[in-house]
Amino acid sequence: MNPSFDTNRLRDNQRLDHWRQAVNHAFTRLEILPQRSAKVDCQVSWQDVGHSRIVHVRGTSQVVCRTDEQIDTDALAHIILMFHHLGYATLVHQGRSVHLSPGAVVAMDTRSPYQLMFHGPFEQRIFRFPAQMVCGERSSDSFAATLLPSGYASQVLLAGLNYAESAPSLPNGAEKPLIDLARLALLQNFNLSEQTPAQRLNSVRSYIDAHLDDPVLSSSTVARALGLSLRSMQKLFAQENDQASAYILRQRLNRVQEQLAAPELRHLSIWHIAARWGFNDASHFSRLFKQHVGMTPRSYRLTR
């Protein structure tokens, strides 16, 4: 049974403190400021999927804040994809303000402060996942606090969240397709022509991260898909003394490394995992992996 919390089980004078505790446990460290005239009538339930979490929340009008002080004492770095189903709200985050109405989809980043104001009763489904799965240690300011298109990826992701919420159990590996859909939903919003060079590089990297399992992924296919010339894309990577092809290779090796260490994937052969991430020559892959990690794939797996 999934964890859940309902303020209706409590006396009125206990509800706010317990609701704060529930929200901090389900999401991240936050402050809750309810409207004085509103009775605290809120429910939250959640389900963990790998390192990610699916949350369903309903409530009455309140203000949810994440401050610099809370970030300093809470190192969790997550991206939150918020599907707004009921009511109206305003999000202020990373210098932007966006109004949420039913059907809105918006992203947030717990690594920077934000304020979310609910103007009345509301309901949301939320997908919270480690920021590193999409953008590593880089900032997500190219998409945070921006309304995302309600496109195919967003709709399929929402269907997946709804299914996971009602399913008695989820299979191993259920997190990966949800993360892939989350990446694609975020990428739908990218308009490279309106971004700074740093933001543009972040967008290109995020596109690569979302397509690492594409066997034909290369510098030229990435540039073509994003409407960039190959030369201009290479200039973006040169800003950080990097190359697109080198970034693709590193990220693919990182994915293989992660999956070789995963206990639930022990039944898969090393070559099966490597081929999943675009490697098509076993001996060449082994040499690259040893250069990247410092040991052979077999030795690495035996040490995990």
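Basis for what follows: all heavy atoms, side chains included, without hydrogens, waters or symmetry-related copies.
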Measure across [X] and [Y] and return the closest heavy-atom pair with its distance rounded to 0.1 Å.
X: His119; Y: Ser61; value: C-CB, 4.0 Å
X: Arg9; Y: Phe5; value: NH1-CA, 4.3 Å
X: Leu217; Y: Leu212; value: CD2-CA, 3.9 Å
X: Ala244; Y: Gln234; value: N-OE1, 3.5 Å

Within 45° of the six-membered ring axis of Tyr247 and under 6.0 Å from that ring's centre, is NZ or CZ of Arg205 located there? yes
Is it the case that over 12 heavy atoms from other parts of the model lie below 6.0 angstrom from the [atom1] atom of [X]?
X: Arg250; atom1: CZ; answer: yes
X: Gln239; atom1: CD; answer: yes
X: Arg304; atom1: CZ; answer: yes
X: His99; atom1: NE2; answer: yes

Any chance you could measure [X], atom [atom1], to [Y], atom [atom2], to the nearest 0.5 Å?
X: Leu260; Y: Leu265; atom1: CG; atom2: CG; answer: 9.0 Å
X: Ile80; Y: His93; atom1: CD1; atom2: NE2; answer: 8.5 Å
X: Leu230; Y: Ser219; atom1: CG; atom2: OG; answer: 6.0 Å
X: Ser97; Y: Leu91; atom1: OG; atom2: CG; answer: 7.5 Å
X: Phe279; Y: Ile270; atom1: CZ; atom2: CD1; answer: 13.0 Å

Carboxylate-amine/guanidinium contact Asp74 Arg66, below 4.0 Å: yes
Would you say Pro3 and Ser45 make side-chain contact, with heavy atoms under 4.5 Å? no
Donor on one side chain, acceptor on other, Asn254 and His292, under 3.5 Å: yes
